[in-house]
Amino acid sequence: QVQLVESGGGLVQAGGSLRLSCAASGRTFSNYGRGWFRQAPGKEREFVAAITWSGGNTYYADSVKGRFTISRANAENTVYLQMNSLKPEDTAVYYCAAASWSSYYSLISDDGYDYWGQGTQVTVSS
């Protein structure tokens, strides 16, 4: 059974940092693109960051560029999201996902993903 499990969420003050992890099990995802999305209350799910299967290319939403960094450890079947300089507007449930196709347009759209985690809550207080 394929599973993606996020961890590392929590409550942090504005300006603080968190590191999210997404561990995969049930199959290897070393040849899958990986991404992070988030959904705030009353809003649609939105793209945050993505990384190609090789790690050679990364993509970010404008709202997090320069503050968030996505990385992956294929040997551990894990992807990370380092979040710095957090703002209250970053408050959301964060989801990780895996995509069998690593093109740019596939990775920035939730339609391009095959597997999803259950999400982890990130709350940034002002």
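What you see is a predicted model, and the numbers here were worked out from it, not measured in a lab.
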*Any luck finding a side-chain donor-acceptor pair between E76 and N74 under 3.5 Å?*
no
*Side chains of V79 and E6: closer than 4.5 Å at any heavy-atom pair?*
no
*Mind listing the closest non-hydrogen atom pair of G112 and A99 along with its distance?*
O-CB, 3.2 Å
*N-O pairing of K65 and D62 below 4.0 Å*: yes
*asked:* Quick one about Q121 and T123 (side-chain donor to acceptor, distance below 3.5 Å, no hydrogens or angles considered), yes or no?
replied: yes
*List for me each residue that meets ring pair (Phe, Tyr, Trp, His ring centres under 6.0 Å) alongside Y113, sequence neighbours excluded, and say none if there are none.*
F37, W116
_So, taking the atom named CD in Q13 and the one named CG in L86, what distance separates them when rounded to the nearest 0.5 Å?_
11.5 Å
*Are Q3 and Q118 close enough that some pair of their side-chain heavy atoms sits under 4.5 Å apart?*
no
_From CD (E46) to OG (S63), nearest 0.5 Å_ = 5.5 Å
_Gap between atom OH of Y95 and atom CH2 of W36 - 0.5 Å precision_ = 12.0 Å
*Measure from the side-chain N and O atoms of R34 to the backbone N and O of S30, and report whether any donor-acceptor pair falls under 3.5 Å.*
no
*Hey, could you give me the CD1/SG distance between I70 and C96, rounded to the nearest 0.5 Å?*
9.5 Å
*Give the minimum heavy-atom separation between N84 and S17, together with the two atoms involved.*
OD1-OG, 2.9 Å
*asked:* Hydrophobic cluster membership, with links at side-chain heavy-atom distances under 4.5 Å among I/L/V/M/F/W/Y: are L81 and F47 in one?
replied: no
_Please check: side-chain N/O of S102 versus main-chain N/O of T52, any donor-acceptor pairing under 3.5 Å?_
no
*Report yes or no: does R19 contribute a side-chain atom to a donor-acceptor pair with the main-chain N or O of Q82 at less than 3.5 Å?*
no
*Give, for atom CZ of F68 and atom CG of L18, the distance between the pair rounded to the nearest 0.5 Å.*
9.0 Å
*Is W101 linked to Y105 within one hydrophobic cluster, defined over Ile, Leu, Val, Met, Phe, Trp and Tyr using a side-chain heavy-atom separation of less than 4.5 Å?*
no
*Taking only residues two or more places apart in sequence or in another chain, which ones pass ring pair (Phe, Tyr, Trp, His ring centres under 6.0 Å) with Y60?*
none
*So, S109 side chain and S106 main chain: donor-acceptor pair closer than 3.5 Å or not?*
no
*In terms of hydrophobic clustering (I, L, V, M, F, W, Y; side-chain heavy atoms under 4.5 Å; direct or indirect links), are W53 and I51 co-clustered?*
no
_Shortest non-hydrogen separation from G9 to V122 and the atoms involved_ = CA-CG2, 4.2 Å
*For A23, which residues count as a side chain to side chain contact (heavy atoms under 4.5 Å, CB included) partner, sequence neighbours excluded?*
T78
*If you look at every heavy atom in A40 and A92, which pair is closest and at what distance?*
N-CB, 3.8 Å
*Just by distance, do the side chain of T91 and the backbone of V124 share a donor-acceptor pair under 3.5 Å?*
yes
*Identify the heavy atoms of S100 and Y32 that sit nearest to each other, and give their distance.*
N-CD2, 3.5 Å
*Within 6.0 angstrom of K43 NZ, more than 12 heavy atoms from elsewhere*: no
*Between R38 and V64, what is the shortest heavy-atom contact and its length?*
NH1-CG1, 3.9 Å
*Side chains of R45 and V93: does their closest heavy-atom pair fall under 4.5 Å?*
no
*side chain to side chain contact (heavy atoms under 4.5 Å, CB included) between L20 and M83, intermediate numbers included*: CA-CA 8 Å; L20 304 184; M83 305 186 296; 3.7 Å; yes
_Proximity of Y115 and F29 rings by center, below 6.0 Å_ = yes
